[in-house]
S.K.: 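Mind looking over this structure? Questions follow.
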Amino acid sequence: MREDKVTYCRICEPLCGMIATVENDELVSLRPDKDHPLSKGFACPKGIAFTEIVNDPDRVLHPLRRTPDGDFEEVSWETAMADIGERLRDVHKRHGSSGIGWYFGNPATFSTGHTLWTATFTNLLGTPHVYSAGSQDVNQRFVASHFLYGNPVAAPIPDINRVDLLVIMGANPVVSHGSVMSSPRIREGLNAINARGGRVIVVDPRHTETAREHEWLPIVPDTDALLLLSLLHVMFDDDLVDEEALRRQATGVDTLKRIVAEYSPESTTSRTDVAADVVRELAHALVTAERAAVYGRIGTSLGRTGTLTTALLDTVNLVAGNLDVVGGAMFGDLGIPGQRVGVTALQRVPTFTWSGRRSRIGNLPQVLGTAPASVMAKEITTPGRGQLRALFVSAGNPVLSVPNGAELSAALDELDLMVSLDIYRNETNAHADYILPATTMYERGDFLLPFQALFTTPFKQATDPVISPRGEAREEWTVINELVAALSKSVPMMGVLHVMNTVSSRIGRTWNPERLSDLVIRMGLGGNRFGLRRGGLTYRRLVRDNPHGTVVADNLEPGQLRDTIVHRDRKIHLDEPELLAEFNRLVADTDPRLPLRLIGMREIRSENSWQHNAPMLLRGGRTHAARMHPDDATERGIAEGDLVVVRSAHGQIELPVTLTDDIKAGVVAVPHGWGHNGSGGWTRANSAAATEIGSGGANVNALISSDPADLERLAGMANMTGVPIEVTLLDAATGAAPSRHTVSAV
Ligand SMILES: Nc1nc2c(c(=O)[nH]1)N[C@H]1C(S)=C(S)[C@@H](COP(=O)(O)OP(=O)(O)OC[C@H]3O[C@@H](n4cnc5c(=O)[nH]c(N)nc54)[C@H](O)[C@@H]3O)O[C@H]1N2
Ligand SMILES: Nc1nc2c(c(=O)[nH]1)N[C@H]1C(S)=C(S)[C@@H](COP(=O)(O)OP(=O)(O)OC[C@H]3O[C@@H](n4cnc5c(=O)[nH]c(N)nc54)[C@H](O)[C@@H]3O)O[C@H]1N2
Ligand code: SF4
Ligand SMILES: [Mo]
């Protein structure tokens with residue numbers, strides 16, 4: 001029987017509504033849900049193509065064990081878990097908890113069970129070896145908020161529904177669909193700003209898909225902090241600031257004023273290439289517009305001072321009077337009583353705060369209990385106490401997503417035990433002893449806790465699984481429960497949890513993600529408060545009565561700051577010494593041999609490294625290509641479609657180039673997530689983007705440094721943007737005739 005089931009997509013942050021057509025427990029197709037109150041019938045190509053991923057013949061559907069010749073063979077779950085348990089106990093006996101580690105990748109965030117169970121496991125274990133995609137993504141946001149608000153999880157989001165002047169720095173929401181904000185139909189949301197007479201200004205080195213629909217303000221990569229400082233300079237210098245109000249909200253105003261005095265627009269223009277009068281006009285506009293906000297994302301996260309840049313974004317919003325007000329940068333509210341007390345208490349727990357521990361290699365601060373993934377390889381290869389010997393990788397592909405994949409690949413082979421939980425064989429778990437098959441999102445139910453405070457229109461949706469797990473796939477949290485059992489005699493706290501798990505399942509009250517989410521739903525906005533609010537939401541009510549989800553408030557609520565700030569004085573701290581020390585790092589990074597600057601970009605039909613195996617997303621052929629300005633190309637004798645070598649101080653890659661005026665001269669953009677080299681089991685990904693030098697594209701992170709000295713200091717962020725590079729013709733090196741490609745890069 002064919003049946004339509006209402007659910008939602010969990011690939012990226014808008015969480016668009018989906019209708020899944022299911023027949024005999026098989027997923028037949030996906031289409032956008034017209035009745036979803038926010039996504040209203042929108043879904044992107046990745047969301048639609050997901051049927052091909054669920055049903056992909058290349059998926060891992062049974063536990064796989066490495067064979068002596070380096071291949072994999074199917075084994076039963078019992079065999080796999082028994083051996084993993086035994087080897088884990090052995091590593092624990094010899095090296096203690098700090099011999100065991102975990103890396104969780106981006107899709108883990110899109111599963112409440114995966115996130116919470118991983119956190120529970122690593123916390124009970126007490127290992128310092130917890131890594132995630134965050135140090136290549138968003139950890140600087142947590143650290144900036146730690147300093148400013150004393151609350152690492154506070155994240156202001158732009159009030160898309162009501163803002164009239166939105167400055168987007170280093171984000172491309174028309175392609176990415178928005179990040180650190182859940183805003184379905186974001187493209188329309190931005191166009192609506194223009195339609196109501198407002199402006200959207202896109203500060204970006206590339207004339208992006210978003211910039212093309214709005215005003216483009218080109219900037220030199222990794223100089224956003226300077227632009228923000230100049231905006232602040234003008235605001236103070238031209239007496240635009242309501243200082244009384246500012247001092248009521250923040251401490252360190254005098255220090256800030258003293259610092260920004262040195263950054264006149266005239267003094268920063270040579271670095272940013274943003275003209276002084278443009279900065280002045282923008283500073284005035286941000287203050288005088290009734291509803292204005294500055295929003296920054298990946299482009300402002302991955303520079304050399306990501307934490308400082310992020311703190312300055314908030315500071316500009318604050319000083320311009322645009323923080324925590326209607327139409328500005330606002331804080332989402334979970335509506336749970338006692339939130340502030342809870343976060344305050346958690347700040348005493350080392351793994352829920354900043355720098356609760358520092359890394360053995362590089363002495364870098366942990367962020368919410370995670371260390372920089374860039375140091376993972378050296379943590380494996382450097383002997384001594386605390387050396388990493390057993391590693392779990394769940395929903396991650398760090399060999400492609402983290403700097404210096406070659407170093408990491410080699411290191412993974414030195415582990416005593418490596419276990420992957422994934423839906424595919426990828427370039428990372430090619431090095432695993434076991435690959436355990438995980439369910440995709442449509443094989444599990446979910447209510448996504450991590451995104452609740454990030455919806456630009458407060459919204460809630462929960463779903464049941466639409467099909468049962470394919471093959472022998474299991475949800476990650478159930479596998480983690482087995483790992484807890486395996487270590488129950490080695491780690492006392494695991495023993496306690498194991499007993500609780502056993503008892504709760506015996507009495508038929510299994511402690512699972514749904515039960516946990518249900519608690520949060522009942523406590524939060526619109527929740528039933530355990531019966532106190534009649535007709536209020538519960539998990540079951542959401543699924544049964546609101547399958548398309550429900551808007552719980554028409555708009556974000558202003559005036560959240562007092563409950564958001566955890567600092568005792570309830571003020572924003574603008575002068576925390578660690579942040580101030582970062583100003584010394586705002587120096588130019590020049591090497592005449594590497595005159596160009598590398599930036600990243602996302603493609604509409606890719607999701608990081610893991611959707612290059614879906615035929616729908618490869619249609620028409622795809623080329624993995626560098627984008628370069630024609631002037632830079634001419635200077636180097638490079639023409640459209642040529643194969644080039646891109647070289648940094650840390651490595652080099654070879655790929656075709658495509659020439660475009662849609663990028664600032666001096667800047668080269670290369671998408672990440674490519675570099676499928678045949679080691680992973682995704683056959684189409686491996687053969688995609690073929691040229692005569694190979695297929696699968698190039699791993700741009702070969703150009704990025706994993707040296708702890710090169711990481712951003714406060715959050716351990718990898719420096720993936722603004723990296724000095726040079727580009728040369730590949731054939732110039734070999735003397736062969738140039739090879740030209742018709743680049744199909746969408
Ligand atoms: N289609 C698609 N969507 C995705 C993803 C995907 O892979 N594909 N990935 C998802 C993930 S994991 C995330 S985190 C989000 C990210 O969401 P976004 O941050 O919106 O995504 P990006 O496209 O990386 O946008 C970064 C922009 O910063 C610009 N940039 C680079 N360096 C600088 C700089 O120094 N200064 C300034 N001002 N700009 C700079 C780049 O040109 C680029 O346009 O996207 C999510 N959505
Ligand atoms: N140069 C450069 N590098 C970057 C970035 C950049 O902008 N530039 N962006 C960074 C960012 S923002 C991110 S988020 C990271 C991403 O980095 P990672 O998370 O390490 O890598 P992904 O490519 O997202 O790989 C995700 C893996 O999860 C698997 N998977 C998918 N769904 C599930 C599931 O439900 N369960 C399980 N167990 N596995 C699943 C996929 O098969 C895939 O192997 O890349 C970072 N790297
Ligand atoms: S934008 Fe695409 S991938 Fe992201 S949630 Fe929506 S449908 Fe899914
Ligand atoms: Mo990300």
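Since the structure is predicted, the reported quantities are computational estimates derived from the model, not experimental observations. Ligands are counted one by one from 1 in listed order, and the atoms in each one are counted from 1 as well.
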S.K.: Under 3.5 Å between any N/O of R206 and any N/O of ligand 1: does that happen in this structure?
M.R.: no
S.K.: Heavy atoms only, cut-off 4.0 Å: how does S606 contact ligand 1, side chain, backbone, both, or neither?
M.R.: backbone
S.K.: Could you tell me the residue and atom name of the protein heavy atom closest to atom 16 (C) of ligand 1, and the distance to it rounded to 0.1 Å?
M.R.: I298 CG1, 3.6 Å
S.K.: Nearest protein heavy atom to atom 7 (O) of ligand 1, by residue and atom, and its distance?
M.R.: N608 N, 2.8 Å
S.K.: Could you see which bit of N172 sits under 4.0 Å from ligand 1, with heavy atoms only: side chain, backbone, both or neither?
M.R.: both
S.K.: Evaluate V203 for polar contact with ligand 1, using N/O atom pairs at a separation under 3.5 Å.
M.R.: yes
S.K.: Between R444 and ligand 2, does any nitrogen or oxygen pair lie at a separation below 3.5 Å?
M.R.: yes
S.K.: What protein heavy atom sits nearest atom 2 (Fe) of ligand 3, and how far away is it?
M.R.: C44 SG, 2.3 Å
S.K.: How close does the nearest protein non-hydrogen atom get to atom 40 (C) of ligand 2, and which residue and atom is it?
M.R.: A395 CB, 3.7 Å
S.K.: Distance under 4.0 Å to a non-hydrogen atom of I11: what atoms of ligand 3 satisfy this?
M.R.: 3 (S)
S.K.: Which residue and non-hydrogen atom of the protein lie closest to atom 6 (C) of ligand 2, and at what distance in Å?
M.R.: H672 ND1, 3.3 Å
S.K.: Looking only at protein heavy atoms, identify the closest one to atom 38 (N) of ligand 2 and say how far it is in Å.
M.R.: E476 OE2, 2.8 Å
S.K.: Should L421 be counted as touching ligand 2, given the test is an N or O pair under 3.5 Å?
M.R.: yes
S.K.: I'd like to know if atom 6 (Fe) of ligand 3 has an N/O/S atom from C16 within less than 2.8 Å of it, counting both backbone and side-chain atoms.
M.R.: yes
S.K.: I need the contact type for L15 against ligand 3. Using non-hydrogen atoms and a strict under-4.0 Å cut-off, is it side chain, backbone, both or neither?
M.R.: backbone
S.K.: Please list the nearest protein heavy atom to atom 10 (C) of ligand 2 with its residue and the distance rounded to 0.1 Å.
M.R.: Q136 O, 3.3 Å
S.K.: Would you say C12 reaches atom 4 (Fe) of ligand 3 with an N/O/S atom under 2.8 Å?
M.R.: yes
S.K.: Tell me the protein heavy atom at minimum distance from atom 43 (C) of ligand 2, and give that distance in Å.
M.R.: W610 CB, 3.5 Å
S.K.: If you have a sec, work out which protein heavy atom is nearest atom 41 (C) of ligand 2 and how many Å separate them, to one decimal?
M.R.: D422 OD1, 3.3 Å
S.K.: I want to check a possible cation-pi pair here: R474 against W77, using under 6.0 Å from ring centre and within 45° of the ring axis as the test.
M.R.: yes
S.K.: Check whether any N or O atom of D137, backbone or side chain, sits under 3.5 Å from an N or O atom of ligand 1, and answer yes or no.
M.R.: no
S.K.: Of all the non-hydrogen atoms in the protein, which one sits nearest to atom 19 (O) of ligand 2, and at what distance?
M.R.: N106 N, 2.6 Å
S.K.: Looking only at distances, please establish whether an N/O atom of ligand 2 is found under 3.5 Å from an N/O atom of S394.
M.R.: no
S.K.: Can an N, O or S atom be found in C9 less than 2.8 Å away from atom 8 (Fe) of ligand 3?
M.R.: yes
S.K.: Checking contacts here: is it the side chain or the backbone of S179 that comes within 4.0 Å of ligand 1, counting heavy atoms only? Could be both or neither.
M.R.: side chain
S.K.: Salt-bridged, D314 to R141, with N to O below 4.0 Å?
M.R.: yes
S.K.: Would you call K5 and D464 a salt bridge, using N to O less than 4.0 angstrom?
M.R.: no
S.K.: Given the ring of Y8, does R10 sit roughly above its face, with NZ or CZ under 6.0 Å from the centre of the six-membered ring and within 45° of the axis?
M.R.: yes
S.K.: Which bit of E13 gets closer than 4.0 Å to ligand 1, counting heavy atoms only: side chain, backbone, both or neither?
M.R.: neither
S.K.: With a heavy-atom distance limit of 4.0 Å, tell me whether T210 approaches ligand 1 through its side chain, its backbone, both, or neither.
M.R.: neither
S.K.: Of all the non-hydrogen atoms in the protein, which one sits nearest to atom 23 (O) of ligand 2, and at what distance?
M.R.: S609 OG, 2.5 Å
S.K.: Heavy-atom distance to atom 9 (N) of ligand 2: which of M720, R474, R602 wins?
M.R.: R602
S.K.: Closer than 4.0 Å to some heavy atom of N701 - which atoms of ligand 2 meet that?
M.R.: 1 (N), 2 (C), 3 (N)
S.K.: When you compare the side chain of T309 with that of R304, does any pair of heavy atoms fall below 4.5 Å?
M.R.: no
S.K.: Just jot down the ligand 3 atoms closer than 4.0 angstrom to any heavy atom of H177, in number order.
M.R.: 1 (S)
